[in-house]
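Remember, it's 1-based here, ligands and their atoms both numbered in the order they're listed. Index from 1, following the sequence.
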Amino acid sequence: MKKTVLSGIRPTGDLHLGNYFGALKNFVRMQDDYDCYFFIADYHSLTTHPTPDHLRFNTRRVLANYLAAGLDPKKCTLYIQSDVPQVTELYLFLNMNAYLGELERVTSFKDKVRLQPQNINAGLLTYPTLMAADILLHNADFVPVGKDQEQHLEMARTYAKRFNTLYKTTFFKEPQAFNFGENLVKIPGLDGNGKMGKSEGVSNAIFLGEASDSIRKKVMRAVTDSGPTSPNQEQPEVIKNLFQLLSVVSTPDTVAHFNEAYNNCTIRYGDLKKQLAEDMIAFTEPFRQRISDLLADEHALDTVAAEGAEKARASAQKTIDAVRSLIGF
Ligand code: TYM
């Protein structure tokens, strides 16, 4: 029997290289060998109050990004979260055993409290229970995600165990984060600190559907330092970040060339950035064209979403029926 895989991405527009290398690349690699559920987490995005037009637009874009990256609806179940309302029922059940103290200690919640003090809603607080409900809804074994989701996965395991203990069952599996045996990935942004992400600022991220000129401009503005002053000196964080970006889009020879230049103090960051920009453009080029072709065919996108929804609802309903019966309904 194939193991079950599930993962999702919030609809914030085109996906960026962080989403791709942290998650989407693995979705594509897993679809042949696992029973895969990949979805667009549109309920989750309501925590930031998008307008209906924005929500619709961004959800379609993520669907087009998924398909452009190589997800095949014949091999995996591809769906939009809000098309499978069973998840909200499981979210309610899990919330009954989610405690205020543990939710308040979640790093992503504390970050949001700092970043958007004017909008600390209950959905934000219980974001990890909705995410656990997504995962447990299909009783997933593995969840391909980037490093920033590690704590959320830990909570999904906590809620699975808690439910099993409370109802004296072994029904829920304990889902594991997954990256083919490697550490989970964190792709840095261009601003010299933290991770690539849209909420960290659009100039910090490079998107799969982004135009070449825009990529060049952003990369040339990436933060650096004044350069190495002695041979083989340790790279500061901002420079490590640029090298990490180079290592995901450039050839090993290119990375080795700039590493050597850094180590013998002849590096010119302008040259490194030019190369990085061109390699990012070459990497994203095929996505750009495919995304725009896919977005042009509304009907085909709707069909993919409708067929995925049907498969996902069937799997979800089985879980809900079992859970309701365990609870005593
Ligand atoms: P989201 O939408 O912020 O990101 C989607 C996926 O992309 C990964 N990611 C990164 N990986 C490496 N480096 C980066 N800079 C980077 N930025 C983003 C994230 O780790 C994630 O895997 N809560 C989730 C969405 C979600 C979900 C789920 C995921 C909802 N329910 C159930 C898995 C299972 C989120 O906000 O990811």
Exercise. Report yes if the distance between the aromatic ring centroids of Y167 and F163 is under 6.0 Å, otherwise no.
Key: yes
Quiz item: Considering all heavy atoms of both residues, which atom of P11 and which atom of N58 are nearest to each other, and what is their separation?
Solution: O-CB, 3.4 Å
Exercise. Would you check ligand 1 and list the protein residues that come within less than 4.0 Å of it by any heavy atom, ordered by chain and number?
Key: L6, S7, G8, I9, R10, H16, G18, N19, G22, A23, F39, A41, H44, Y127, M131, D134, I135, V143, V145, G146, D148, Q149, V185, K186, I187, K195, M196
Self-check item: Where at least one partner belongs to residues 283-329, residue pairs that pass ring pair (Phe, Tyr, Trp, His ring centres under 6.0 Å), sequence neighbours excluded
Solution: Y20-F283, Y20-F287, F21-F283, F93-F329, F283-F287
Practice problem: Give a yes or no on whether the backbone of L276 and the side-chain of E278 come within a donor-acceptor separation of less than 3.5 Å. | Solution: no
Self-check item: Any donor-acceptor N/O pair, Q116 side chain to N119 backbone, under 3.5 Å
Solution: yes
Exercise. Kindly give the heavy-atom pair with the smallest separation between A156 and I135, and that separation in Å.
Key: CB-CD1, 4.1 Å
